[in-house]
Number of protein chains: 2
Amino acid sequence: MARTPTTFDPFNAVAEPKRRQLIQAMGAEELSVNEIVERLGWNQPSVSKHLGVLKQVELVEERRVGRRRLYRVNAERLKPIFDWVTPFERMWSERFERLDNVLEKMKKEK
Amino acid sequence: MARTPTTFDPFNAVAEPKRRQLIQAMGAEELSVNEIVERLGWNQPSVSKHLGVLKQVELVEERRVGRRRLYRVNAERLKPIFDWVTPFERMWSERFERLDNVLEKMKKEK
DNA sequence: TTGACATATTCCGATATGGGAATATAATAT
DNA sequence: ATATTATATTCCCATATCGGAATATGTCAA
């Protein structure tokens, strides 16, 4: 067996840095391929191909209008990533850093 | 050029489902390889290899004690993932669904 | 020193990738 | 019909997987 395919799930689709960049550049807007091309400065086939992957995992949705195709981010598909990573937040968050600091001080003052 | 290597960054390391499972199984505990093997029911080389990838991207840290190696999750390396995905939360969260519902109702009642 | 235990590494093969370049498809306008 | 615009697809290749099996390394114990 080989590596998990990029189209397997949002985790794999989004592992590619350019695809993260693409999603971030789109934000909440609905954009045509050419608008994305201009915004990112990549060549058109590259944008289309990355959109193709994102579409397969439903991270973007496509709407055809005339000869253009309008894409928008389907943020719900990012929720599994958010849900997986969020529980770990307490391990690095400021609240606990502060707690650590307090404990450090208590040590020193003792 | 080929696909972004798994060891390139936490995004890629964590794209592999088994590695997410491994990290989740470890939680905040410090565990030996064998403890992880038992906990997950995988074979030992598999666990070692996945730990190797996670270690390269510093998602886990290793401490040698006798003939054992104790691993623990370095959650800070998950922060970039959290930070990247979090801004999109407002696009799916209940708060905004509720807002949508309110707006829908207002339309209908008008 | 020899064995037992804990863990890492190597060798293998099938497979999917991303980029570049070229080209195909589709819709509109003239 | 033809040209133009907008987008997708194909063909190419170098490369890094993951899993399985076997084996190597390292450390303790008797």
Side-chain angles (χ1 to χ4, degrees), chain A residues 1-23 25-26 29-73, chain B residues 1-23 25-26 29-73:
Chain A
M1 217 160 283
R3 191 171 172 185
T4 314
T6 15
T7 53
F8 180 72
D9 64 8
F11 282 96
N12 283 278
V14 145
E16 168 65 25
K18 293 215 166 175
R19 265 177 319 250
R20 288 202 300 282
Q21 207 185 332
L22 177 38
I23 289 178
M26 295 183 67
E29 300 176 65
E30 188 178 46
L31 298 170
S32 71
V33 176
N34 262 342
E35 287 169 327
I36 298 170
V37 166
E38 286 165 21
R39 198 169 281 206
L40 290 172
W42 306 348
N43 56 60
Q44 176 266 313
S46 179
V47 171
S48 279
K49 279 193 275 190
H50 283 303
L51 283 172
V53 172
L54 294 176
K55 191 185 164 195
Q56 281 191 66
V57 295
E58 297 176 285
L59 271 167
V60 300
E61 277 163 6
E62 179 205 279
R63 189 164 69 94
R64 301 181 190 213
V65 173
R67 55 183 143 187
R68 294 183 306 151
R69 309 210 182 174
L70 304 181
Y71 288 89
R72 64 175 185 78
V73 174
Chain B
M1 218 161 282
R3 191 170 173 184
T4 314
T6 19
T7 53
F8 180 72
D9 64 9
F11 282 94
N12 283 277
V14 147
E16 168 66 26
K18 293 214 169 177
R19 260 169 330 243
R20 288 202 299 283
Q21 206 184 332
L22 177 40
I23 288 176
M26 295 184 66
E29 300 175 66
E30 189 179 45
L31 298 169
S32 71
V33 176
N34 261 343
E35 285 169 329
I36 299 171
V37 166
E38 285 166 21
R39 198 172 280 207
L40 291 170
W42 305 349
N43 57 60
Q44 175 266 313
S46 179
V47 170
S48 279
K49 279 193 276 191
H50 283 304
L51 283 172
V53 172
L54 295 175
K55 190 187 165 192
Q56 280 191 66
V57 295
E58 296 175 286
L59 270 168
V60 299
E61 277 162 6
E62 179 206 278
R63 190 164 69 94
R64 301 180 190 215
V65 173
R67 53 184 145 186
R68 295 182 306 151
R69 308 209 183 176
L70 303 182
Y71 287 90
R72 64 176 186 76
V73 175

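Sequence lines set the chain letters: A, B, ... in the order given, protein chains first and strands last, and positions in each chain run from 1. This structure is a prediction, so every number in the text was calculated from the model and none was measured.
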Any side-chain heavy atom of Leu31(A) sitting closer than 4.5 Å to one from Glu38(A)?
->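 A side-chain contact under 4.5 Å is absent here.
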DNA chain D base-pair string [pairs: Watson-Crick or G-U under 3.5 Å; |: paired with another strand] = |||||||||||.|||||.||||||||||||
If you check every side-chain atom of Lys49(B), which of dT9(D), dC11(C), dA8(D) has the closest atom?
->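 Looking only at heavy atoms from C-beta outward on Lys49(B), the closest nucleotide is dC11(C).
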Leu70(A) or Gln44(B): which one's nearest nucleotide on DNA chain D is closer to the 5' end?
->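 Nearest-nucleotide comparison on DNA chain D picks Leu70(A).
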Could you state the [atom1]-[atom2] distance from [X] to [N], rounded to the nearest angstrom?
| X | N | atom1 | atom2 | value |
| --- | --- | --- | --- | --- |
| Glu35(A) | dA6(D) | CD | C1' | 12 Å |
| Asn43(A) | dA8(D) | CG | P | 13 Å |
| Ile36(A) | dT7(D) | CD1 | P | 9 Å |
| Glu62(B) | dA6(C) | CD | P | 16 Å |
| Trp42(A) | dA6(D) | CH2 | P | 20 Å |

In Å and rounded to the nearest 0.5 Å, what is the [atom1] to [atom2] distance from [X] to [Y]?
| X | Y | atom1 | atom2 | result |
| --- | --- | --- | --- | --- |
| Leu59(A) | Leu51(A) | CG | CG | 11.0 Å |
| Arg72(A) | Glu29(A) | CZ | CD | 13.0 Å |
| Lys18(B) | His50(B) | NZ | NE2 | 6.0 Å |

Can you tell me if Arg20(B) uses its side chain to pair, donor with acceptor, with the backbone of Val14(B) under 3.5 Å?
->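 Side chain of Arg20(B) to backbone of Val14(B): a pair is present.
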Does Arg69(B) use its side chain to pair, donor to acceptor, with the backbone of Ser32(B) at less than 3.5 Å?
->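 No, Arg69(B) side chain to Ser32(B) backbone: no donor-acceptor pair under 3.5 Å.
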Tyr71(A) side chain N/O closer than 4.0 Å to the phosphate oxygens (OP1, OP2) of dA8(D)?
->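 Answer yes for this pair, as a side-chain N or O of Tyr71(A) is under 4.0 Å from OP1 or OP2.
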Asn34(A) side chain near dT5(D) phosphate (N/O to OP1/OP2, under 4.0 Å) |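 No, Asn34(A) has no side-chain N/O under 4.0 Å of OP1/OP2 on dT5(D).
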Specify the closest pair of heavy atoms between Phe11(A) and Ala15(B), including all atoms of both residues, with the distance to one decimal.
->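 In terms of heavy atoms, the two residues are closest at O-CB, 3.9 Å.
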Minimum heavy-atom separation for Ala13(A) to Val53(A), with atom names?
->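 Of all heavy-atom pairs spanning Ala13(A) and Val53(A), the closest is CB-CG1, 4.2 Å.
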Run the side-chain contact (heavy atoms from CB on, under 4.5 Å) check on Leu22(A) and Val60(A) step by step: do they pass?
-> CA-CA 11 Å; Leu22(A) 177 38; Val60(A) 300; over 6 Å; no
Given protein heavy atoms under 4.0 Å, the one-letter contact record of nucleotides 24-30 of chain C, with B base, S sugar-phosphate only and - none, is simply ---BBS-
Got a salt bridge between Glu62(A) and Arg64(A), using NZ or NE/NH1/NH2 to carboxylate O under 4.0 Å?
->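 Answer for the salt bridge query: yes.
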Take Trp42(B) and Gln21(B) through the test side-chain contact (heavy atoms from CB on, under 4.5 Å) and record every step on the way to the result.
-> CA-CA 11 Å; Trp42(B) 305 349; Gln21(B) 206 184 332; 3.6 Å; yes
N/O contacts under 3.5 Å, protein versus nucleotides 15-18 of chain C?
from, atom 1, to, atom 2, distance (Å)
dT17(C), OP1, Thr6(A), N, 2.8
dT17(C), OP1, Thr6(A), OG1, 2.1
dT17(C), O5', Thr6(A), OG1, 3.3
dG18(C), OP1, Arg19(A), NH1, 3.4
dG18(C), OP1, Arg19(A), NH2, 2.8
dG18(C), N2, Met1(B), O, 2.8
dG18(C), N3, Met1(B), O, 2.6

